[in-house]
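The structure under discussion appears below in the form of structure tokens.
Throughout, numbering of the chain's residues begins at 1 and tracks the sequence. What you see is a predicted model; the values in this text were computed from it and never measured. Both backbone and side-chain heavy atoms feed into the values below; hydrogens, waters and symmetry mates do not.
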Amino acid sequence: MRNSDSLSGFPLLHDYQLEEMWRTPQSTRQSQGKRGREGWNWRQRVQYAVGHALNEYFGMEVEVRREIPVQYVLEKWWPKQPTGFESLFHYWDVKNKVSGELSKICALYRDLSVPVMLYEQFYTPVPELEVDISLIVQAAWQLSAGADSLLIQKYIVDYNPNVIHTFQHLTNVFCYYAFGALPQLIEVYCLLEGKKIRFIPGPASLQQSLDYVRLLRDSREDVHATTERCRCGACLGEQRSQGNSNRLDKNKKEQQEAKNRKERSGGPLLLS
């Protein structure tokens, strides 16, 4: 595990790029890339505020955390103007929901010590897949002394199953290759819906996650916006099926050509 640039020479999968791949059409990503933060949509602006607020709040000592409400910290980072929101009502509705949900969540962790990892970016190579994983760990709590006792948390603005499953599988692979063990628990908080999704890794989790990351690796040209193909879950599945179908068709064609060559060379020799 490293929190510096990847050095293995393998292709690099960034978790934040994968997340944007699922959420944002490529044309929009390219436009935002040119304009920088000014081109962010409302979700990106809220995610930025939530990330900084939780980083500051969870980084406080327990005694300080008990005295300062997370709403106060969030206010420092919240967008001052409703730019990018659907309307002024939408701006205040999102703010109230996110603030209320963070208040409930942080009350559960107010008395815990500072997380062992807090909004840090790490890299780890996965030699089996010949790929490097870059993962931003928003919060990781040590539940006991063992390497397999990590509680890994992610906070997202709204529910998106593709984003959640990608985080789940990347986290499993990352923890295994960085620490030698799967995490004990993965939690994803969807703030607008008030949802908490929990994953408890089991015996089959690592292989499932490796298969998932392998698919992401094979699609990495799309992650880096070099193709116009859709990368939603349905299309990924369709492309995977199409790839399997193409391989089957190729195999059948090769088998037929071999059969034809055998018949031409091994058939009866006709003499005139």
Side-chain heavy atoms under 4.5 angstrom apart, residues restricted to Ile, Leu, Val, Met, Phe, Trp, Tyr: same cluster for [X] and [Y]?
| X | Y | answer |
| --- | --- | --- |
| Y72 | V46 | yes |
| Y16 | V50 | no |
| L143 | V62 | no |

At what distance, to the nearest 0.5 angstrom, does [atom1] of [X] lie from [atom2] of [Y]?
| X | Y | atom1 | atom2 | answer |
| --- | --- | --- | --- | --- |
| D93 | L88 | CG | CG | 11.0 Å |
| L135 | F174 | CG | CZ | 5.5 Å |
| H169 | R214 | NE2 | CZ | 13.0 Å |
| Y212 | N172 | OH | CG | 12.0 Å |
| Y176 | S205 | OH | OG | 12.5 Å |
| Y57 | I68 | OH | CD1 | 8.5 Å |

task = Sequence neighbours left out, what passes ring pair (Phe, Tyr, Trp, His ring centres under 6.0 Å) with F58? Give chain and number order.
result =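 Partners of F58 by the ring pair (Phe, Tyr, Trp, His ring centres under 6.0 Å) criterion, ordered by chain and then number, come out as W141.
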Are side-chain heavy atoms of [X] and [Y] found at a separation under 4.5 Å?
| X | Y | value |
| --- | --- | --- |
| L12 | H14 | yes |
| L150 | L182 | no |
| F167 | I186 | yes |
| K76 | E56 | yes |
| V137 | F122 | yes |
| Q184 | I200 | no |
| Q168 | T166 | no |
| N41 | Q44 | yes |

Taking [X] for its side chain and [Y] for its backbone only, find out whether a donor-acceptor pair lies under 3.5 Å.
| X | Y | value |
| --- | --- | --- |
| Q138 | Y155 | yes |
| N96 | W92 | yes |
| R217 | L129 | yes |
| S219 | L215 | yes |
| E130 | P127 | no |
| R198 | E187 | no |
| D15 | I136 | yes |

**Asked** Does K95 pair with E75 as a salt bridge, N-O distance under 4.0 Å?
**Response**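 Yes, this pair counts.
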>> Looking at E19 and K154, is any side-chain nitrogen of the basic one under 4.0 Å from a carboxylate oxygen of the acidic one?
In response: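 Yes, charged N to carboxylate O under 4.0 Å.
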Can you see which heavy atom on [X] is nearest to which on [Y], and at what distance?
| X | Y | answer |
| --- | --- | --- |
| L18 | L170 | CD1-CD1, 3.6 Å |
| W22 | V163 | CB-CG2, 4.0 Å |
| Q47 | I156 | OE1-CA, 3.4 Å |
| V131 | P11 | CG2-O, 3.2 Å |
| Y123 | Q121 | OH-NE2, 3.7 Å |
| L210 | V173 | N-CG2, 3.9 Å |

Next item on the list: Count the heavy atoms belonging to other residues, nucleotides or ligands that lie under 6.0 Å from CG of L108, then report whether that count exceeds 12.
Entry: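 Above 12, so yes.
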Residue Y91 excluded, over 12 heavy atoms near OH under 6.0 Å |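 Correct, the count exceeds 12.
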Verify whether one side chain among S149 and Q142 offers a donor that lies under 3.5 Å from an acceptor in the other.
->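 Yes.
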| message | Can you classify the ring geometry of H52 versus W77 as parallel (below 30°), tilted (30 to 60°) or perpendicular (above 60°)? | response |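 Answer is parallel, since the angle falls under 30°.
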Inset, instruction - Could you label the plane-to-plane angle of the F85 and W78 rings as parallel, tilted or perpendicular, counting under 30° as parallel and over 60° as perpendicular? - result: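 The arrangement is tilted - the two ring planes meet at 30° to 60°.
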List, by chain and then residue number, the residues other than V114 in its hydrophobic cluster (Ile/Leu/Val/Met/Phe/Trp/Tyr, side-chain heavy atoms under 4.5 Å); write none if there are no others.
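Grouped by the 4.5 Å side-chain rule, V114 forms a cluster of one, so the answer is none.
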*asked:* Between C106 and L54, does the side-chain contact (heavy atoms from CB on, under 4.5 Å) criterion hold? Intermediate values first, please.
replied: CA-CA 9 Å; C106 289; L54 287 175; 3.8 Å; yes
For the pair V64 and R66, evaluate side-chain contact (heavy atoms from CB on, under 4.5 Å) and give the outcome as yes or no after the intermediate values. CA-CA 5 Å; V64 179; R66 289 171 180 163; over 6 Å; no
Is there a side-chain contact (heavy atoms from CB on, under 4.5 Å) between W42 and V94 once you walk through the steps?
CA-CA 9 Å; W42 68 269; V94 170; 4.0 Å; yes
Inset, instruction - Give the C-alpha distance, both sets of side-chain angles, the deciding distance and a yes or no for side-chain contact (heavy atoms from CB on, under 4.5 Å) between L13 and S134. - result: CA-CA 6 Å; L13 291 179; S134 169; over 6 Å; no
Taking D158 as the fixed residue, which of R23, K195, K97 is the one that meets the salt bridge (Lys or Arg N to Asp or Glu O under 4.0 Å) rule?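 Among R23, K195, K97, the one that satisfies the salt bridge (Lys or Arg N to Asp or Glu O under 4.0 Å) with D158 is R23.
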